[in-house]
Amino acid sequence: MDFNDTPEEAEFRAEARAWLEANATPHRDDDEEDLLGERIDDKTLAWCREWQAKKAEGGWACLTWPKEVGGREATPIQNVIWKQELAKYRNPPDIYGIGLGMCGPTILTHGTDEQKQRWIPEMMEGQQIWCQLFSEPSAGSDLAGLRSSAVLDGDDWIVNGQKIWTTGAQFSDWGILVLRSDPNAVKHAGLTYFVVDMHSPGIEIRPITQINRGQGFNEVFFTDVRIPDANRIGAVGDGWRVAITTLMNERASIGGGGGAGNTADLIRAAREIEIDGRPAIENAAVRGKLADFYIRSKGLQFTGNRTLTALSRGQTPGPEASLGKLIGGVMVQDLAEFGIELAGMAGIVHDASNPTTSLWQDRFLAIPGLRIAGGTDEVLRNIIAERVLGLPPEVRLDKGIAFKDVPTGPPSN
Amino acid sequence: MNFDFSEDQKLLQQITRDYLAENAGLAVCREVLESDAPYSTALWKGAAELGWLGTTIPEEYGGAGFGHLELAVIAEEIGRALAPIPFSSSVVVATEAVLRFGSDAQKKKYLPKLASGEWIGTLAATEATGQNGLEAAKTSLSGGSLSGTKIPVADGDIANFAIVSTAEGDLALVDLDGSGVTREALGSFDPSRSVARIVFDGAPAEALEKGRGQISHLLDRAAVPVAFEQLGGATRAFEITREFTLGRYAFGRPVASFQGIKHRLADLWCEIELARSNAYYGAWALSNDDPELAIAACLARVSTSESFDLAAREMIQLHGGVGYTWEYDCHLFYRRAKWLSLALGSPASWKDRLIDRVEARQKSA
Ligand SMILES: Cc1cc2nc3c(=O)[nH]c(=O)nc-3n(C[C@H](O)[C@H](O)[C@H](O)COP(=O)(O)OP(=O)(O)OC[C@H]3O[C@@H](n4cnc5c(N)ncnc54)[C@H](O)[C@@H]3O)c2cc1C
């Protein structure tokens with residue numbers, strides 16, 4: 001049992017470090033947090049593009065991708081080592097995360113050679129930003145319940161309907177999109193998967209304001225939008241299978257709110273803040289809570305180390321990786337809440353006169369989104385129960401009938 | 001990164017598990033629980049024959065000469081079986097104390113008998129109800145004579161000798177069958193493990209040579225293997241509960257198919273996984289003699305205590321009415337979980353130690 005790199009891993013780490021030392025800027029303590037990428041202006045965008053292009057040029061853009069598209073066919077553990085080293089430096093908001101983490105792997109798995117040549121290199125260099133147009137007003141956790149339609153017309157598909165919660169749609173160039181191409185087929189069989197040019201006529205994007213007034217996500221309306229059949233990924237009616245690839249990659253790439261403040265910060269704060277004239281950390285109730293947080297966050301960290309061990313042996317972590325997002329999401333919310341409460345009644349002041357508390361308040365307002373995006377807590381529990389623990393699947397009322405006959409709301413009488 | 005046990009250690013785990021499945025089904029635990037016997041002498045003998053009792057004792061003293069990772073592996077299996085033997089007191093705490101802090105002569109005297117199982121050892125630290133942590137003591141050792149009262153002492157009624165913490169900060173070795181010692185078995189919350197009150201009145205005793213001021217460190221070292229025993233119990237409770245909910249039908253379907261049950265099992269699984277990760281970290285720190293042990297021991301101790309307690313509660317609840325019967329085994333887990341989570345100091349006291357230590361580290365950074 002040890003935490004050390006194997007010789008090969010150490011060699012790779014040294015290579016990554018050397019490149020970063022020569023090309024990246026170290027972290028600064030006053031770097032702003034932007035957990036959901038909601039504060040992206042033109043200056044930030046320019047920074048994102050420049051940094052991504054630099055990584056691509058150095059061969060550090062998409063480590064695990066095939067060499068023929070510009071990757072380095074790195075192993076998963078090498079990818080993790082790279083991310084560990086990268087995290088020590090200043091990094092812009094992750095506007096390429098959806099493209100590189102979800103869209104790219106899906107196109108590489110299900111796309112034709114032509115499609116790969118067309119999209120992958122530019123995606124890697126950061127010339128194009130991608131978004132994910134999956135969720136709809138009536139299809140979130142139950143994604144296959146989506147109803148935006150695609151109808152074939154010559155060499156094009158005509159698309160009508162609405163997507164929602166689309167992160168980054170406002171500055172994206174391309175999107176991945178799942179549509180209903182056959183409403184008479186059973187639910188999962190009537191779907192087809194596309195890539196859409198976000199600048200196409202007939203697409204309207206309206207930002208949605210979050211609980212913290214940020215605008216990370218959008219509504220996207222499609223009115224007679226034409227998508228060439230050449231943009232279809234996978235066969236007609238095979239969209240669900242393709243979408244699963246995207247979702248698997250999404251779960252693998254989302255963490256549990258890492259970076260949203262940690263226990264060490266909180267313990268430091270408890271040493272500074274006073275309760276009735278004594279440091280808060282001397283208060284028994286505070287100590288108990290701090291210990292709980294510390295133990296949990298360490299448990300998560302070492303669970304991560306166990307996952308890395310599996311990766312290091314060439315195994316792929318499966319659905320058990322859901323633990324990190326499920327536990328981590330609730331934990332950082334609890335942590336932020338406690339950070340606010342440490343101030344006592346002053347916890348209701350949210351402005352520049354109260355900077356330490358405001359930071360926890362900002363996090364407290366951002367974190368609920370993390371527990372919903374990319375699989376809600378409840379959906380993750382279902383995944384753990386069914387796919388890790390082998391418990392029976394949910395009873396379903398939408399199987400074996402045409403999609404148009406699936407109930408969509410309370411019966412009207 | 002290799003944050004896992006080796007193939008050899010996994011093989012040892014399998015052998016241990018197979019033996020216990022054969023020789024220490026839950027019926028063996030129940031037998032002790034329901035009888036006047038304080039522990040299973042047959043299982044203790046078996047454990048001695050297999051070399052478990054001398055796991056970390058060097059071969060020159062009649063032990064197996066393994067390290068603490070192997071001890072952790074065996075402790076987890078002991079925990080899974082709810083083995084009714086004084087493993088945590090003797091093989092973990094007492095052995096660790098003599099091995100770590102004893103003089104050559106003390107090692108020569110005690111280790112071979114610990115390894116063979118001829119002697120059982122234990123730690124006598126707590127002196128009063130409500131005492132937070134195990135460090136404070138009034139019992140005094142002077143001029144080779146020990147006086148004071150220790151209550152409760154885990155396995156104190158069956159032990160041949162005790163490591164006794166003193167007001168002077170020593171760890172005193174005392175023969176419990178010798179003069180000046182009166183002991184009385186007390187009712188145990190888990191009657192498959194026993195507990196006693198011991199009064200020392202001028203009992204002949206000697207300090208462990210390097211034991212002065214080391215009670216805290218001893219507790220840290222002992223907490224990790226005991227955490228594995230707790231982890232084993234939690235894991236087994238979870239497995240039995242999962243099986244039961246799959247086999248039990250209500251409303252025409254397995255109760256394991258209800259989301260209320262699925263989500264609780266998913267949550268419980270997460271808690272046990274986190275505890276396992278913390279226990280692994282403790283095992284790493286202990287086996288490498290890393291200074292991180294001071295923190296790692298607290299993490300392992302608290303998370304395995306809490307997850308074993310939770311697993312045992314959920315076990316009863318998800319079994320329904322049968323879970324509340326004497327006949328079903330759920331209460332064996334419920335009792336053992338609580339017993340182990342207090343026998344080395346309460347989770348609250350370990351949380352306190354943790355924050356002290358994290359704070360100290362932040363201050364020195
Ligand atoms: C910050 C943020 C960013 C997002 N970005 C994107 C994006 O870029 N692209 C995109 O396509 N989508 C995005 N989403 C959408 C996200 O994937 C969905 O919100 C999510 O899947 C939940 O769907 P829903 O909102 O329709 O809620 P619902 O599915 O209606 O859920 C309502 C409640 O019911 C529960 N529930 C649902 N099904 C079950 C079940 N089977 N068992 C138990 N409970 C259940 C849910 O857990 C939840 O508590 C984003 C969401 C957020 C919050």
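This is a predicted model, so every value here is computed, not measured. Residue numbers begin at 1 in each chain, while the letters A, B, ... track the order of the sequences.
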Review point. Looking at Asn4(A), Thr309(A), Asn382(A), Ile77(A), which makes the most heavy-atom pairs under 4.5 Å with chain B?
Key: Thr309(A)
Practice item. Decide yes or no on side-chain contact (heavy atoms from CB on, under 4.5 Å) for Cys270(B) and Ile384(A), but give the supporting numbers first. Key: CA-CA 9 Å; Cys270(B) 288; Ile384(A) 291 173; 3.8 Å; yes
Review point. For Ala348(B), is it the side chain, the backbone, both, or neither that has a heavy atom closer than 4.5 Å to a heavy atom of chain A?
Key: neither
Check your understanding: By a 4.5 Å heavy-atom criterion (distance strictly below it), what part of Phe258(B) contacts chain A: side chain, backbone, both, or neither?
Key -> neither
Check your understanding: Hey, does Glu378(A) have a side-chain heavy atom less than 4.5 Å from the side chain of His263(B)?
Key -> yes
Point to revise | Atom CG of Asp276(A): over 12 foreign heavy atoms under 6.0 Å | key: no
Check your understanding: Under 6.0 Å from the CZ atom of Arg248(B), do we count more than 12 heavy atoms belonging to anything else shown?
Key -> no
Check your understanding: Backbone N or O of Ala264(A) within a donor-acceptor pair of the Gln362(B) side chain at under 3.5 Å?
Key -> yes
Check your understanding: Quick one: does Thr6(A)'s side chain get under 4.5 Å of Asn2(B)'s, heavy atoms only?
Key -> no
**Study point:** chain A contact via Ile355(B) - which portion, at a heavy-atom distance below 4.5 Å
**Key:** both
Review point. Do the ring planes of Phe3(B) and Phe302(A) sit parallel (below 30°), tilted (30 to 60°) or perpendicular (above 60°)?
Key: tilted
Exercise for review: Would you sort out whether Arg242(B) and Leu391(A) count as a side-chain contact (heavy atoms from CB on, under 4.5 Å), showing the intermediate values?
Suggested key: CA-CA 8 Å; Arg242(B) 176 186 167 278; Leu391(A) 303 180; 4.0 Å; yes
Review point. Taking atom OH of Tyr294(A) and atom CZ of Arg357(B), what is their separation to the nearest 0.5 Å?
Key: 12.0 Å
Check your understanding: Does Lys289(A) offer a backbone N or O that forms a donor-acceptor pair with the side chain of Lys351(B) under 3.5 Å?
Key -> no
Check your understanding: Contact part of Leu265(B) toward chain A, heavy-atom cut-off under 4.5 Å: side chain, backbone, both or neither?
Key -> both
Check your understanding: Is there a donor-acceptor contact under 3.5 Å from the side chain of Asp352(B) to the main chain of Arg287(A)?
Key -> no
Practice item. State whether Asp4(B) and Arg306(A) are salt-bridged, where the test is any N-O pair (Lys NZ or Arg NE/NH1/NH2 against Asp/Glu carboxylate O) under 4.0 Å. Key: no
**Study point:** Residues Arg268(A) and Glu359(B) bridged, charged N to O under 4.0 Å
**Key:** no
Practice item. State, to 0.1 Å, how close Ala266(B) and Arg381(A) come at their nearest heavy-atom pair, and which atoms those are. Key: CB-O, 3.8 Å
Check your understanding: Rounded to the nearest 0.5 Å, how far apart are CG of Leu354(B) and NZ of Lys298(A)?
Key -> 10.0 Å
Point to revise | Atom OH of Tyr249(B) with >12 non-hydrogen neighbours under 6.0 angstrom | key: no
Review point. Pick from Thr303(A), Leu308(A), Leu389(A): which one has the most heavy-atom pairs with chain B under 4.5 Å?
Key: Leu389(A)
Check your understanding: Where does Glu394(A) contact chain B at under 4.5 Å (heavy atoms): side chain, backbone, both or neither?
Key -> both
Point to revise | Straight-line distance of Asp267(B) CG to Leu326(A) CG, nearest 0.5 Å | key: 6.5 Å
Check your understanding: Any side-chain heavy atom of Leu300(A) sitting closer than 4.5 Å to one from Ser277(B)?
Key -> no
**Study point:** Contacting region of Ile295(B) [heavy-atom separation from chain A under 4.5 Å]
**Key:** side chain
Exercise for review: Using a cut-off of 6.0 Å, state whether more than 12 heavy atoms not belonging to Glu11(A) lie near its atom CD.
Suggested key: no
**Study point:** Minimum heavy-atom distance between Lys262(B) and Pro392(A), given as atom pair plus value
**Key:** NZ-O, 2.9 Å
Check your understanding: With chain A, which of Phe5(B), Trp284(B), Phe238(B) has the greatest number of heavy-atom pairs at distances under 4.5 Å?
Key -> Trp284(B)
Study note, to complete from the structure: Whatever's closer than 4.5 Å to a heavy atom in chain A on Arg361(B) counts as side chain
Review point. Leu323(A) versus Leu274(B): any side-chain heavy-atom pair under 4.5 Å?
Key: yes
**Study point:** Heavy-atom contact with chain A under 4.5 Å, split by part of Gln9(B)
**Key:** neither
